[in-house]
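Since the structure comes first, as structure tokens, the remarks are kept for the end.
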Amino acid sequence: MGFFDKLGAGLKKTRDNIFGSISQMINAGEITPELYEDLEEQLILADTGADIAAQLVEKLKERVRQNYLKTGADALEALKDIIREMLEPDSEMNLAGHPTVILVIGVNGVGKTTSIAKLAHLYTEEGKKVMLAAGDTFRAAAIEQLDIWAKRAGVPIVRHQDGADPAAVIYDAVTSATAKGMDIVLCDTAGRLHTKKNLMEELGKITRVINKANPNAAVETLLVLDSVTGQNAINQAREFVEAANATGIILTKLDGTAKGGAVISVKAKLGLPVRFVGVGEGIDDLMEFDPGAFVDALFLQEV
Ligand code: GDP
């Protein structure tokens with residue numbers, strides 16, 4: 001399956017449920033006050049969040065007015081442009097470190113371990129040298145799981161016993177990755193750090209040891225959110241984003257929700273770009289997030 005087909009398949013439920021009909025509704029209709037009202041309602045149902053739904057409709061009204069748009073088809077294109085602009089990242093991920101250390105954080109069950117495996121696969125395919133670090137030492141099962149994925153992806157892994165200090169695991173991984181000329185170290189972290197203070201302390205320590213192991217290492221911190229829980233996940237993530245110094249978002253399980261509208265509001269609400277989306281359980285089911293392709297797949301009208 002090509003990139004666009006796979007993304008389209010991942011978004012099928014969301015499109016069938018809402019965005020396909022939004023597309024048809026705007027395309028077929030005239031631009032009336034009722035149309036705006038219906039659109040806002042549909043966007044809320046799609047889990048964009050009420051505030052973002054209202055913002056989108058306001059922006060659309062403004063653009064229709066400014067550009068003297070007359071047809072539904074033009075309004076639809078304008079809406080797609082607005083969403084695309086909202087999702088455009090302000091900068092690229094920094095992968096220029098030697099190595100770049102990617103800390104993957106998020107509560108248990110959101111798809112952290114699977115996403116690390118998928119990232120390992122994706123970067124390996126791009127020709128990068130990847131290493132994993134089993135930093136979720138609280139769960140023996142998490143270490144085993146990551147080990148299995150490492151074998152499947154064909155990449156080395158640094159692991160300690162369960163109960164070990166996560167910072168020690170990551171220190172070892174960065175030291176080893178530096179010696180071996182690795183490009184990327186993907187680090188699992190504990191998902192049970194419920195309090196902001198715990199998380200800050202733990203990640204602060206991890207960042208310090210990375211710097212000690214190799215001052216030339218770059219650090220990216222990706223927060224994993226489950227799109228099935230949508231707006232709830234986004235609201236709960238707010239304080240963690242700040243505490244963890246997160247630099248981007250991985251949205252998993254887009255294929256498992258009919259309300260993929262949450263994707264639209266992530267950047268506006270958390271101030272962080274979506275970097276990757278998960279569209280299935282397989283190792284190649286993680287895609288680099290491309291706002292243009294995302295919007296096209298979302299509003300695709302099947303014939
Ligand atoms: P962790 O506890 O955060 O490490 O979560 P896991 O990586 O173990 O994932 C939890 C469950 O979610 C597993 O059954 C995964 O197969 C599933 N999962 C993860 N990402 C996706 C995705 O993008 N789509 C679907 N359908 N399932 C996913």
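We use all heavy atoms of the structure for the numbers below, so side chains are in, but hydrogens, waters and symmetry mates are not. Both ligands and their constituent atoms are indexed starting at 1 by order of listing.
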Next item on the list: Return a yes/no value for E281: is any of its N or O atoms, backbone included, closer than 3.5 angstrom to an N or O of ligand 1?
Entry: yes
Item checked: Atom indices of ligand 1, in the order listed, that fall short of 4.0 Å to a heavy atom of G278 -> 23 (O)
Next item on the list: Compute the ring centroids of F299 and F19, then answer whether they are less than 6.0 Å apart.
Entry: yes
Notebook entry, point to check: Are any of the side-chain heavy atoms of K205 and I210 separated by less than 4.5 Å?
Noted result: no
Notebook entry, point to check: Judging by distance only, is a nitrogen or oxygen of D285 under 3.5 angstrom from one on ligand 1?
Noted result: no
Check: Hey, is ligand 1 close enough to N108 that some N/O pair sits below 3.5 Å?
Finding: no
Next item on the list: Mark the output for K118 as yes if a heavy-atom distance to ligand 1 is under 4.0 Å, and as no if none is.
Entry: yes
Notebook entry, point to check: Considering only heavy atoms, does D188 approach ligand 1 within less than 4.0 Å through its side chain, its backbone, both, or neither?
Noted result: neither
Note to self: So for G256, does at least one of its heavy atoms come nearer than 4.0 angstrom to any atom of ligand 1?
What the structure shows: no
Next item on the list: Scan side-chain atoms only and decide if T178 and N214 contain a donor-acceptor pair under the 3.5 Å cut-off.
Entry: yes
Next item on the list: Please state which part of T114 comes within less than 4.0 Å of ligand 1, counting heavy atoms only: side chain, backbone, both or neither.
Entry: both
Check: Is K253 in polar range of ligand 1, meaning some N or O pair under 3.5 Å apart?
Finding: yes
Check: Does an N or O from G111, backbone or side chain, lie closer than 3.5 Å to an N or O of ligand 1?
Finding: yes
